[in-house]
K.L.:
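I have a structure I would like to understand better, so I am pasting it below and will then ask my questions one at a time.
Side-chain atoms are counted along with the backbone in the values below, which use heavy atoms only and exclude waters and symmetry mates.
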Amino acid sequence: QVQVVESGGGLVQAGGSLVLSCTASGSISRIDDMSWYRQAPGQERELVAMLTSRGTRVKYEDVAKGRSVVSRDDTMKTVFLQMNRVQPNDTAVYYCNVAIYGPSGLQRGDYWGQGTRVTVSS
């Protein structure tokens with residue numbers, strides 16, 4: 001079994017920074033892409049940023065460009081997101097998605113965490 005758990009959400013003042021982490025555990029032979037998504041109230045889930053395997057390529061969506069850093073530590077099976085200069089419209093539940101190869105190393109699955117809520121106050 002695989003578990004994906006996000007942490008670091010909470011209340012953030014406008015203009016401040018949010019720092020989130022997401023750790024995968026369980027029957028994992030290798031981790032491929034690691035991504036952050038978010039879902040604001042009444043809106044669809046949207047991609048924030050993605051790191052490919054071993055961090056060889058990074059993609060930031062417009063909501064994150066110029067003010068965010070995403071990084072990963074494969075030994076810890078963890079991906080991080082730092083977003084600076086947050087505003088109330090960054091209020092959302094932030095989700096982690098991790099592409100994981102199971103023990104055989106042949107079967108790839110996408111796993112979601114439960115999400116961590118971030119509220120930005122003005």
Side-chain angles (χ1 to χ4, degrees):
Q1 279 199 341
V2 172
Q3 280 193 320
V4 176
V5 179
E6 303 95 339
S7 61
L11 185 64
V12 184
Q13 295 280 348
S17 299
L18 65 85
V19 180
L20 306 177
S21 62
C22 165
T23 299
S25 62
S27 301
I28 300 169
S29 63
R30 185 167 70 87
I31 294 179
D32 204 349
D33 299 345
M34 304 182 86
S35 306
W36 285 99
Y37 287 74
R38 71 183 189 182
Q39 187 166 17
Q43 298 189 22
E44 294 187 355
R45 193 173 297 188
E46 62 177 351
L47 178 66
V48 175
M50 182 189 74
L51 267 176
T52 58
S53 175
R54 291 186 280 276
T56 52
R57 191 166 66 91
V58 182
K59 176 182 178 182
Y60 294 99
E61 293 298 307
D62 288 346
V63 295
K65 279 179 185 174
R67 63 185 182 119
S68 303
V69 176
V70 61
S71 60
R72 61 191 280 171
D73 183 331
D74 285 345
T75 60
M76 295 174 58
K77 300 183 179 67
T78 298
V79 61
F80 305 93
L81 173 68
Q82 178 171 336
M83 183 180 286
N84 303 316
R85 303 187 301 280
V86 295
Q87 295 300 317
N89 60 3
D90 292 312
T91 294
V93 178
Y94 284 73
Y95 296 91
C96 176
N97 178 271
V98 185
I100 290 171
Y101 285 88
S104 71
L106 300 174
Q107 200 153 9
R108 183 183 186 274
D110 284 332
Y111 295 86
W112 291 92
Q114 297 275 14
T116 185
R117 185 175 300 276
V118 174
T119 301
V120 181
S121 63
S122 57

K.L.:
Which pairs with one or both residues in residues 99-109 pass side chain to side chain donor-acceptor pair (under 3.5 Å), sequence neighbours excluded?
P.N.:
Asp32-Arg108
K.L.:
Measure the spacing between CH2 of Trp36 and CG of Asn97 and express it to the nearest 0.5 Å.
P.N.:
11.0 Å
K.L.:
Could I get the full list of ring pair (Phe, Tyr, Trp, His ring centres under 6.0 Å) partners for Tyr37, not counting sequence neighbours?
P.N.:
Trp112
K.L.:
For the residue pair Gly102 and Ser29, what are the closest heavy atoms and their distance?
P.N.:
O-OG, 2.5 Å
K.L.:
Measure across Val118 and Gly9 and return the closest heavy-atom pair with its distance rounded to 0.1 Å.
P.N.:
CG2-CA, 4.0 Å
K.L.:
List the atom of Val63, the atom of Met83, and the distance in Å for their closest heavy-atom pair.
P.N.:
O-CE, 4.3 Å
K.L.:
Could you state whether Leu18 and Met50 fall into the same hydrophobic cluster, counting links through intermediate Ile, Leu, Val, Met, Phe, Trp or Tyr residues with side-chain heavy atoms under 4.5 angstrom apart?
P.N.:
no
K.L.:
Listed by chain and number, what are the salt bridge (Lys or Arg N to Asp or Glu O under 4.0 Å) partners of Arg67, not counting sequence neighbours?
P.N.:
Asp90
K.L.:
Taking the side chain as every heavy atom from C-beta outward, state whether Leu81 and Val19 have any atom pair closer than 4.5 Å.
P.N.:
no
K.L.:
Do Ile28 and Lys77 make a side-chain contact, defined as non-hydrogen atoms from C-beta onward lying under 4.5 Å apart?
P.N.:
yes
K.L.:
With the 4.5 Å side-chain cut-off for hydrophobic clustering, are Leu51 and Tyr60 part of the same group?
P.N.:
yes
K.L.:
Applying the 4.5 Å side-chain criterion to the ILVMFWY set and letting contacts propagate, would Tyr94 and Val69 be lumped into a single cluster?
P.N.:
yes
K.L.:
Do you know the tightest heavy-atom contact between Ser53 and Asp33?
P.N.:
N-OD1, 3.6 Å
K.L.:
Flag yes if more than 12 heavy atoms outside Gln39 fall under 6.0 Å of its CD atom; otherwise flag no.
P.N.:
yes
K.L.:
Residues two or more places apart in sequence or in another chain: which of them pass salt bridge (Lys or Arg N to Asp or Glu O under 4.0 Å) with Asp73?
P.N.:
none
K.L.:
Please check if Val48 and Tyr95 belong to a single hydrophobic cluster, counting links between Ile, Leu, Val, Met, Phe, Trp and Tyr side chain heavy atoms closer than 4.5 Å.
P.N.:
no
K.L.:
Strictly distance-based, threshold 3.5 Å: is any side-chain N or O of Thr52 a donor or acceptor partner for the main-chain N or O of Arg57?
P.N.:
yes
K.L.:
Less than 4.5 Å apart, side chain to side chain, heavy atoms only: is that true for Asn89 and Val120?
P.N.:
no
K.L.:
Got a sec: does the CD of Gln114 have more than 12 other heavy atoms crowding it under 6.0 Å?
P.N.:
no
K.L.:
Got a sec, which pairs hit ring pair (Phe, Tyr, Trp, His ring centres under 6.0 Å) with one end in residues 63-87, sequence neighbours left out?
P.N.:
none
K.L.:
Take Gln82 and Ser71, measure what side chain to side chain contact (heavy atoms under 4.5 Å, CB included) needs, and give me the verdict at the end.
P.N.:
CA-CA 9 Å; Gln82 178 171 336; Ser71 60; over 6 Å; no
K.L.:
Quick one: side chain to side chain contact (heavy atoms under 4.5 Å, CB included) partners of Ser121, sequence neighbours excluded?
P.N.:
Leu11, Gln13
K.L.:
Is there any side chain to side chain donor-acceptor pair (under 3.5 Å) pair reaching into residues 40-51, and which pairs are they, with sequence neighbours excluded?
P.N.:
Arg38-Glu46
K.L.:
Distance alone, cut at 3.5 Å: any donor-acceptor contact between the side chains of Thr91 and Thr119?
P.N.:
no
K.L.:
Is Val93 reachable from Val86 through a run of hydrophobic residues whose side-chain heavy atoms are each under 4.5 Å from the next?
P.N.:
no
K.L.:
Identify, with sequence neighbours excluded, every residue that meets side chain to side chain contact (heavy atoms under 4.5 Å, CB included) alongside Val4.
P.N.:
Val2, Cys22, Ala24, Cys96, Val98, Tyr111
K.L.:
Who are the side chain to side chain donor-acceptor pair (under 3.5 Å) partners of Ser68, not counting sequence neighbours?
P.N.:
none
K.L.:
Which pairs pass ring pair (Phe, Tyr, Trp, His ring centres under 6.0 Å) with one or both residues in residues 4-28, sequence neighbours excluded?
P.N.:
none
K.L.:
Could you please spell out the steps behind the side-chain hydrogen bond (donor to acceptor under 3.5 Å, both in side chains) verdict for Ser17 and Asn84?
P.N.:
CA-CA 4 Å; Ser17 299; Asn84 303 316; 2.8 Å; yes
K.L.:
Can you tell if the side chain of Arg72 reaches within under 4.5 Å of the side chain of Ile31, non-hydrogen atoms only?
P.N.:
yes
K.L.:
Identify, with sequence neighbours excluded, every residue that meets side chain to side chain donor-acceptor pair (under 3.5 Å) alongside Ser7.
P.N.:
Ser21
K.L.:
Which residues satisfy the side chain to side chain donor-acceptor pair (under 3.5 Å) test with Glu61, sequence neighbours excluded?
P.N.:
Lys59
